Number of protein chains: 2
Amino acid sequence: MSQRPTIMDVAAAAGVSSATVSRVVNGVASVDRDLARRVRAAVRTTGYVPNALGRSLRRGGTAQIAVVTPDAENPYFTQIISEVERIVRADHYSVTVAHTEDDLDLERDCFAQLVGRHVAGVLLVPVHGARTDLSPLTDAGIPVVLVDRWIDGAATDLVATDNIEAGRQAARHLHERGFRAPAVLTGPSDLRTTEERVVGHLAAWRELGVAAPDSVIARGDLHLESGRELMAQILAAGEADCVYVTNNRMSAGAFESMRGVQDAPALLATDDDLWTRLVTPSVSVVHQPVRATARAAARMLGQRMTDPEEEPSTTLLRSRIIDRESTRPR
Amino acid sequence: MSQRPTIMDVAAAAGVSSATVSRVVNGVASVDRDLARRVRAAVRTTGYVPNALGRSLRRGGTAQIAVVTPDAENPYFTQIISEVERIVRADHYSVTVAHTEDDLDLERDCFAQLVGRHVAGVLLVPVHGARTDLSPLTDAGIPVVLVDRWIDGAATDLVATDNIEAGRQAARHLHERGFRAPAVLTGPSDLRTTEERVVGHLAAWRELGVAAPDSVIARGDLHLESGRELMAQILAAGEADCVYVTNNRMSAGAFESMRGVQDAPALLATDDDLWTRLVTPSVSVVHQPVRATARAAARMLGQRMTDPEEEPSTTLLRSRIIDRESTRPR
DNA sequence: CGATGATCAGGAAACGTTTACCGGCACGAT
DNA sequence: ATCGTGCCGGTAAACGTTTCCTGATCATCG
């Protein structure tokens with residue numbers, strides 16, 4: 001089509017300079033009432049929309065924040081994304097998403113992209129606690145806030161669930177309901193998020209006087225299928241009277257395996273995803289405070305964007321048990 | 001921090017002009033092998049990353065495509081987003097998301113944003129078939145492809161499920177299984193997506209010799225709660241032996257209402273969301289070809305970006321029934 | 001051997017903003 | 001009356017690229 005109107009066109013239409021138009025559009029400094037009115041009229045008649053590229057180039061920064069997650073279809077992450085967007089929209093920031101698919105190469109490419117695009121900040125769920133390299137972002141002076149997953153030794157803000165406590169809550173809940181032979185379905189041992197849940201869980205069982213042998217810990221890869229397979233093995237072994245699953249996708253797989261099975265062990269899953277309350281028996285879960293996590297992360301990122309020199313901090317949010325049928329006393 | 005290196009820094013380091021650096025970085029034209037090597041070395045040592053803002057400003061366009069949906073937490077839309085990102089990434093495009101929350105004002109603001117940011121194209125699930133105003137986008141020359149929902153009279157590409165056929169499939173399936181007293185749970189009558197499913201559904205029942213009175217159509221607002229409430233009413237009336245729900249969120253609500261109810265009517269839901277195969281009885285669904293929709297939409301947008309003048313077309317993709325327990329013959 | 005053409009690198013303009021700086025004007029104070 | 005002070009608007013530079021155009025070098029051919 002025809003070219004879009006620029007600030008120059010507006011200036012010409014209003015009979016003023018581009019500087020004045022800019023001042024009016026950005027509401028900065030004071031310009032004569034009549035002039036301002038004329039400018040606004042010209043903006044309307046020309047249909048002028050400021051070019052964000054020119055603006056960002058001149059200002060040296062965009063109004064975009066990036067949310068980078070391993071899996072954009074996981075409800076936990078989609079809720080985070082959705083909530084973050086809602087929050088930052090109020091400050092006229094927009095959100096770009098990228099998924100890394102748990103692939104370090106994709107993550108690296110993604111970081112380069114974000115640096116080139118001069119995003120104002122990044123909310124990151126890193127692929128790996130040791131091998132994710134934040135330096136492209138930090139070297140470029142882009143504030144990063146970690147969400148849900150740690151990076152070893154990184155001097156970076158983090159917002160996450162208090163996972164040790166989450167694991168303890170799970171153990172206490174199961175113990176209270178009368179179960180005494182726990183099993184755990186969890187993720188890879190180098191993923192701190194799920195591993196801390198296991199640590200807290202086992203510690204709590206020990207304190208409660210139940211010696212939980214290491215053998216009851218089954219490790220998968222966070223995907224639904226591995227949850228299904230590992231649960232099948234646990235059922236076959238037939239030694240556990242309750243199972244705690246530390247991750248939402250594996251929880252679904254685990255449930256699938258025990259669906260309809262007589263005298264199945266109690267199931268305590270992670271995350272209050274929709275299916276957990278629709279299935280029979282409905283599934284008790286450790287509910288992570290997703291919205292609160294998103295809010296805290298967004299707030300923290302905002303702080304870092306205004307004051308980059310402050311000390312990084314860690315915010316741990318408390319989960320809670322949602323008690324349903326799958327952990328009823330037998 | 002210190003300033004980021006610009007193309008000038010690289011040029012100085014390599015002892016060439018910025019033009020040459022640009023040519024090397026973009027792999028355009030031919031530059032001397034030695035020079036190119038020197039430039040690449042300088043890029044590495046300086047840690048240069050091209051500034052996408054400068055580039056886009058100069059080139060007059062970005063490499064971003066926007067996906068605008070009403071609800072970023074609905075699995076149907078998240079799958080679309082996720083798949084689109086995966087596809088366009090191959091062409092070095094990135095994706096920005098915005099949710100409109102079914103709010104026309106938000107949608108309008110969002111369009112203005114996108115125009116200002118000079119996105120290369122938009123994949124849009126419009127808020128309203130009559131009141132969504134595409135002109136800000138089209139006036140700015142931004143290609144738009146509609147996904148899942150129509151806009152009345154818009155000369156715009158559309159990719160969607162063949163909803164009339166989907167409704168017919170639903171009726172045929174239920175009839176085949178021996179049900180003869182259908183009810184329908186659907187969205188607002190001005191939403192063509194769900195309304196066409198109803199139309200096709202009723203037409204198919206009629207052809208099958210079952211006169212379905214209009215009274216069996218219950219209209220909600222697409223949210224889970226309305227599905228729950230309307231299903232409760234249908235159960236109370238006790239006249240239907242099968243229920244077709246035309247939308248995924250309402251499907252979940254409907255199931256919730258009939259969960260554990262003796263002699264509940266058969267349920268045929270929409271979308272193969274996770275819960276449908278985990279619940280008891282597992283729920284038969286009309287499965288929309290989500291990935292294929294995303295692929296078709298991305299491809300179509302690509303075409304419009306290269307050739308804006310072509311005639312708009314409509315692509316309808318065929319759904320299929322996934323047969324589970326909730327529609328077993330009684 | 002000179003002219004022509006091909007090839008390649010650099011200079012500089014342009015993309016659309018914002019903003020530092022300057023100039024002009026009005027007004028008040030000395 | 002003159003000078004100083006504020007205020008407000010315009011001029012122009014700058015942000016970092018890409019790309020047109022020009023000029024230089026070199027080879028080929030007449």
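Only a predicted model underlies this, so the values are computations on that prediction, with no experimental measurement involved. Naming convention: chains lettered A, B, ... in sequence-line order (proteins, then strands); numbering from 1 in each chain.
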Between [X] and [N], does any side-chain N or O lie under 4.0 Å from OP1 or OP2?
| X | N | result |
| --- | --- | --- |
| Asn26(B) | dT18(D) | yes |
| Ser22(A) | dT18(C) | yes |
| Thr20(A) | dG10(D) | yes |
| Arg58(B) | dA14(C) | no |

Value in whole Å for how far the [atom2] atom of [N] lies from [atom1] of [X]:
| X | N | atom1 | atom2 | value |
| --- | --- | --- | --- | --- |
| Asp32(B) | dG10(C) | CG | C1' | 14 Å |
| Asn51(B) | dT17(C) | CG | C1' | 14 Å |
| Met8(A) | dA12(D) | CE | P | 11 Å |
| Leu57(B) | dT18(D) | CG | C1' | 10 Å |
| Arg23(A) | dT19(C) | CZ | C1' | 8 Å |
| Asp9(A) | dC15(C) | CG | P | 11 Å |
| Arg38(B) | dA9(C) | CZ | C1' | 11 Å |
| Leu53(A) | dA14(C) | CG | C1' | 15 Å |

**Fill in**
When rounded to the nearest 0.5 Å, the distance separating CZ of Arg149(B) from OG1 of Thr69(B) is 9.5 Å

**Request:** Could you grab the distance from atom CD of Glu85(B) to atom CD1 of Ile65(B), nearest 0.5 Å is fine?
**Result:** 10.0 Å

Can you figure out which of [options] approaches the side chain of [X] most closely?
| X | options | answer |
| --- | --- | --- |
| Thr6(A) | dG16(C), dA9(C), dT17(D) | dG16(C) |
| Ser18(B) | dT18(C), dC15(D), dA12(C) | dA12(C) |
| Ser17(A) | dT18(D), dT11(D), dC20(D) | dT11(D) |
| Leu35(A) | dT19(D), dG16(C), dG9(D) | dG9(D) |
| Ile7(A) | dT17(C), dC15(D), dA14(C) | dT17(C) |
| Ser30(B) | dC8(C), dT19(C), dC15(D) | dC8(C) |

**Asked** Can you name the nearest heavy-atom pair linking Tyr48(B) to Thr6(B), along with the distance?
**Response** CE1-C, 3.6 Å

**Heavy-atom closest contact (Tyr93(A) atom, Gln64(A) atom, distance)** = CD2-N, 4.0 Å

**Request:** Would you kindly check whether a donor in the side chain of Arg4(B) faces an acceptor in the base of dG16(D), or vice versa, at under 3.5 angstrom?
**Result:** no

**Request:** Using a 4.0 Å heavy-atom cut-off across all strands, classify Val31(A) as base, sugar-phosphate, or nothing.
**Result:** sugar-phosphate

**Item:** Given DNA chain D, 5'-ward residue of the pair Ala19(B) and Arg33(A), judged by closest heavy atom
**Value:** Arg33(A)

**Residue closer to the 5' end of DNA chain C, His118(B) versus Val16(B) (nearest nucleotide)** = Val16(B)

**Asked** With a 3.5 Å cut-off and no angle check, do the side chains of Ser94(A) and Arg117(B) form a donor-acceptor pair?
**Response** yes

**Prompt:** Going by an N to O cut-off under 4.0 Å, is there a salt bridge joining Asp103(A) and Arg86(B)?
**Reply:** no

